[in-house]
Every structure is written in C-alpha cells, then in structure tokens.
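To find a chain, count down the sequence lines: A is the first, B the second, and so on, and within it residues start at 1. Computed from heavy atoms alone, side chains included, the values below leave out hydrogens, waters and symmetry copies.
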Protein chains: 2
Amino acid sequence: MKGRVTADDVAKKAGVSQSTVSRVLNNYPFIKEGTREKVLEAINELGFTRDEIARSLVEKKTRTIGLIIGNISNPFFAESAGVIISKAQKEKYDVIIYNTNHDDYQLEKAISTLIGKRVDGILAAAVNRNNARVKQLYENGFPIVLYNSRLDDSEVNSISLDNKKGAMLAVEHLAELGHKKIAYIAGPSKYLTVYERYVAYREALQKYGLSYDSELVFKEELTHDKVVTFTKRILSRPDRPSAIFAMSDEMALAVMDGVAGLGLKIPEDVSIIGFDNINIAANSYIGLTTISQQKEKMALLALDNLIQLIESDQKDVQPVHVIIEPELLIRRTTGVCNGS
Amino acid sequence: MKGRVTADDVAKKAGVSQSTVSRVLNNYPFIKEGTREKVLEAINELGFTRDEIARSLVEKKTRTIGLIIGNISNPFFAESAGVIISKAQKEKYDVIIYNTNHDDYQLEKAISTLIGKRVDGILAAAVNRNNARVKQLYENGFPIVLYNSRLDDSEVNSISLDNKKGAMLAVEHLAELGHKKIAYIAGPSKYLTVYERYVAYREALQKYGLSYDSELVFKEELTHDKVVTFTKRILSRPDRPSAIFAMSDEMALAVMDGVAGLGLKIPEDVSIIGFDNINIAANSYIGLTTISQQKEKMALLALDNLIQLIESDQKDVQPVHVIIEPELLIRRTTGVCNGS
DNA sequence: CTGAAAGCGCTTACAG
DNA sequence: CTGAAAGCGCTTACAG
C-alpha cells in the first residue's frame, strides 16, 4: 500500500546524500543553508514523513509510554488518564493505553505487549499488591511508576494516597453525624490501596465504638449492578444501615442508583460518601460527599516521575514514594442520622 | 540501560542460527521438534522478548492503531474508547490514544505523529467537518474511519448517527409535553454532527410552531462552567424556558448542575434532555432522558471496519457509511410543562 | 529442515 | 560541511 517515501527518495530529489537528509531532520547545526533549503523543499514536495519506527530501532527509544488502568469507563481512571495523555503530548510522548478490567491475566498480557513494543516506560494504576512481574521489571531498572496502586513490600515507585487516613476521615465524618450502622462497599482486597481502606474502615468503627457487621460489607467484584443489588438488599432489612461508604465514587454512584431505585431519600434516609472526587461528584445535582485523591496531582506526579526515570541515567535515581494527603469534601449526600 | 537480549543471543545459546530462532518465534511449521525445544528453552532462560519495533520495520505493519477523541473526560468518548480498546486487544492491536480537546491544531498534530509512528490505521471521533488532512489521508488509501464525526462532502468512511432524526426526536418529545420555550445547548458548529443537530432543532421548532429565540441557544465552546453559567442566566429571566435540550449528556449534566444550583426542580420546574446515553444517564438517581447513539455499537462498527480496511487489499474496498438509528429514552428528567 | 545474506528506514561515527 | 558505510533487531527469499 502506498509505497511510502523514504529519506533516500528525498536525498535523490535534493541531490544530496541520505545522511544529509537525516541531519536536517535532526536539526544538526552545521549544514550549509542552501543544502538545508534544498532538502526541506524536497521533503515538502514529496510529502515525506520520517519513519519513527526505524528511528526508534536505532535510537533505542520509542517516545511512547504504556498506561495501564483498571477500566476507562470509571471516571477516576478516565480523568486521570486524560491528564496524563495531555501532559505526555506536550512532552512529546505518545501513550498506549490498556484496560485490565481488573483481571490479573490481562495485566500480565498488557505488560508483555508493552515491553515487546519497547515503550520507554510504564504507568500503572491498577496492579494487584503481590504482582511479581511489576516488581521484577522495577528491579531490572525498567522505568515504571504506579499510581493509585502499591505493592506489598517492594520499593517500586508509586504515587498513592494515604488511604488509611482517607477511609478514616470518611467513617469519622459519618460517625460524627450520628450514624451507627455504616455499610461499606469494599471490593476485593487484591489491591493494596483497596485493602488499606477496608482496614481503616474497621479501625474507625472500633474507634467510635461501632460494631462491625460483615453483612454490611460488600467484598465481591465491583460491578455497578452487583452493588445496586447489594444496596437494595441491605436497605430492605428492618435494621437497615443509615449510611453507606463506598471505596470509589463510581461505586457511590451505584449505591445512589440503588437508593433512588428504592425510593429512599439522600441524605434524609441514607447518607452516602464516596472516594476519589471524580468530576461529577462536584455537580450540584449530585453533590457527592467524598474523599479527594487529588487525581490530577497524582497523575501528573506519576507522569513527571516516569519521564524523569526515562530521561535520567537510571543509576543514581532514588525510588519514588509519594504519599498524597486525602481531603474530606462535604457536600450534599451526607447528613445527620435520622434513624435509630 | 539493560542491554536487551536479542534473537542472536538466543541463537548462540541454542546453538542454531538466528533465522531458526525467528522461525520458531513465528511458528513456522517445518522445524525439527528438537530444534524448536532448544530454542524455546534458550528463550526462557534468557528471558527474551521479541523486539516488535524491529519486526514492524520489516513487516511494514505495527499492529497499533491511533484513536483520536475529543476529550476523554467526556464519558461518551471514554466509554466508546473503552469498547474500542478492549476489542482491539482481543484482535491483537494496541491503541495509541489522543485527546484533541476539540482543537484543530491538536488534531493535526495527533495525525502527524500517528502517521510518523506508522500506525496501521486511525479511528477518529472528533474531526471538524472540513478537515482537509483527513480527507487527503483517505484519498491516499490510508485506513481511516470516523465515528461520531463526518466530513462535509467526502467519502471518508464514517459511522454516525442520524443526527437530524435524533434531535428531532428530542424536540418533539419536549413539544408534546407542552413545552413552548425550549432552550438549546448547541456548541460550535465546526463538527458536522453537532451542526446537524442544531439544524434539526430549528426545523423541529418550526414544525411545532414554536418560535426560535437565539438568546436561548448556546453556541460557544462547550465547557462545563460556561454551560452552567448560561443555564443560570436563561433560567433567571422572567420568561424563562421550561425545557432545555443539550447536544450531549455531558452538557445536560452541566445544565442539571446549573438548575440545581438555582434550587429549581427537575422536571417540575424545568425539563432536561440530553444526547448520547452515557452510562450514568441510566442511573436511577439521575434518570436523564436522552437520545441514544448506541455508542458501543458505533464504536465496535468503527473498529471492525477499520480492521477490515487494514487487513484487506484496500483496492476492492467500498467506502463505509453506516448511519445508526437514534432512540429516544424517556427517563425522569422530562415531564409535562407546568409553566406558561 | 536450517543457515548465510539481504533488506526494512533510519542514525551516527569516521573520513575527507 | 557532507558522503559512504556500519549497524539497530528482526524477516524472508534463496540455497543447500
């Protein structure tokens, strides 16, 4: 198809060597002005575009990075990815994006493909706490930084929230509003960040002398429909909880879906608090009380650090471990407890 | 960094030639079983991963496609991109994603970079109606398909909605509920799809004998904040509109933000209808009445057609022009007109 | 069934 | 200031 025009074609047309064409392409300074002009002209006439694949092969860098997220339809991932994509563009990096759908096998496959494509580095926002592949990549000196994820006991670079504090803040807010029965949408604990929130939830309950009821905790796979069903089920109990804390705003929205489906009022009948502070949480119509992860800052820090790793000499680089401060944003979905 | 292991290293370790290593990598059938095993073993011990960049150079295909969208934080783009990314993975294509932020210059830059990186094809969801570059790419036989976009008078492959019908459906629904003053969040008409909706809005008004009031039409750049401000402004007029139609669900949400900010009720005080049917529109707490674009179907068709273009011989391929049928989904944000 | 060699389209010492 | 040549890591005829 199309027989692409190469630097050699340009060279012939301009009556110079291919090396010279390459030099003007790379803005090599010592070229006679006349020569440069001839080359530029030929490039234009021929509609030449330099083959970056060939260039990557010799330069041993592709100026593309891999971005691995859980699921792009979760606004937390979409919005943080947006920040990364835009900033990467400015820094002249392309991004290949992968959804894991929270499946370990898909994560492995994504990593393998990205390594095969020789990306300069990887940003990953959804890696299970014990992922050996990521650990190994890091130990081999491959540029990788995690955000919204962390490994169990490894030095792998990461930008993450103080999740424990975040979950504490959420439960405390509810407890101080007088809520005694606080349900929790926890999710599976293969992610360290998610697990930490769960632990903090339990600790916070204890701190406020509230009892832990495993029936009020959803630990299964986090799909919208399952959470809606769970919400409806626990709210149909005679001793229903008066507040529900969700480990993500996406899931808090699913809880709201369930609550509205039951005809219950928020926050009069049930208070809801999320986690992430996705854009829509601030919409006045929703007004979701939540814990901010400062996703833009998180994403930007992750990218900045990755680029630094890529462009530095690797040797003298210290592991990066940034902990971001959570912030409680009180909006309309939480209120004082009206029930028992 | 890391001195990657090459097929040549594998060859030496296995005591065969590099050609043989290449053959086992490519599942060439006529290899002695013993040889294959030796090679596989060497590959494992060395932790070899084939350099896809080098392979792309000789094969003249990269198995990556470019995906150009307006803005990933708009759920319509994020969700359709999600469908594309997942399906592409299954088909063994990677996707490089670009946000244009609805800026023509960024679109051009994205295309140039993608061409430079020798992607096998491009999917674009946000291209201005008169884009010469896209047209030229298509005419040169480069695999490109648009979705949610179309060019003015060009054959470029596209999957798009019957936008006119969609907007008609929306206004008719409102008119039949008795609304006389229907505002419209139109956006800039550089996109043909957006323009078509605007034209249909006017035609529908006419059909129902409703007058067109340019002050009730928002034609500026579509940002959340600007639409909130506009909404508040028109709803503060003594003769305020009783219904607002937005050209996207994202903007309908902005309208709801403005309405809620004013303390007005939906749909009692003002009915709202969107366009796209993003996932959250179906959430019972929101219940946004909208026009479905069948985004999953649209995205999948776009990808399928692109892959077909890439993998076929190009010559015998007819231009693809799929028009998707819009569907009115009535939910909670629209109701009969209570006002004058 | 397997090896030696050419070639994909660039960059970059090395000469001049 | 510029050209000839080697090399990046593969694939694929061509021989044998």
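- Ionic pairing of A:Glu52 and B:Lys117 is not present here: no N-O contact between side-chain nitrogen and carboxylate oxygen is shorter than 4.0 angstrom.
- Two residues are said to be in side-chain contact when any heavy atoms from C-beta on lie closer than 4.5 Å; A:Tyr147 and A:Val322 fail this criterion.
- When rounded to the nearest whole Å, the span between CG of A:Leu25 and P of C:dT11 equals 6 Å.
- Distance CG (B:Leu57) to P (D:dC10): 12 Å, rounded to an integer number of Å.
- The side chain of B:Thr20 contributes an N or O atom lying less than 4.0 Å from OP1 or OP2 of C:dG3.
- In this structure D:dC1 sits in a base pair with C:dG16, meeting the Watson-Crick or G-U test at under 3.5 Å.
- If you take CG of A:Asp8 and C1' of D:dA4, they are 12 Å apart, rounded to a whole angstrom.
- For the pair B:Lys61 NZ and C:dG9 P, the interatomic distance rounds to 15 Å; values are reported in whole Å.
- Remark: P of C:dT12 and CG of A:Asn27 are 13 Å apart, rounded to the nearest angstrom.
- To the nearest angstrom, P of C:dG7 lies 16 Å from CD of B:Gln18.
- Where B:Ala54 and B:Thr35 meet DNA chain C, the nucleotide closest to each residue was compared, and B:Thr35 sits on the side nearer the 5' end.
- Within the structure, a side-chain polar atom (N or O) of A:Arg50 is placed less than 4.0 Å from OP1 or OP2 of C:dT11.
- C:dT12 atom P lies 15 Å from atom CZ of A:Phe30, rounded to whole Å.
- Set against D:dG9, C:dT11, C:dG3, the side chain of A:Lys60 has D:dG9 as its closest nucleotide.
- Among B:Leu151, B:Asp104, B:Asp152, the single residue meeting the side chain to side chain contact (heavy atoms under 4.5 Å, CB included) criterion with B:Asn128 is B:Asp104.
- Among the heavy atoms of the strands lying under 4.0 Å from B:Arg23 is at least one base atom, whether or not backbone atoms are also near.
- Between B:Ser22 and the phosphate of D:dT11, there is a side-chain N or O to OP1/OP2 separation shorter than 4.0 Å.
- To the nearest 0.5 angstrom, B:Ile43 atom CD1 is 5.0 Å from B:Leu25 atom CG.
- At a threshold of 4.0 angstrom between heavy atoms, the contacts of B:Ser19 include nucleobase atoms, whether or not backbone atoms are also involved.
- As rounded to whole Å, 11 Å separates atom C1' of D:dG9 from atom CD1 of B:Ile53.
- A donor atom on one side chain and an acceptor atom on the other are not found under 3.5 Å apart for A:Arg36 and A:Asn27.
- Closest-nucleotide positions on DNA chain C for B:Tyr28 and B:Arg118 were compared, and the one nearer the 5' end corresponds to B:Tyr28.
- Closest contact between the side chain of A:Glu59 and the listed nucleotides D:dC10, C:dT12, D:dG3 involves C:dT12.
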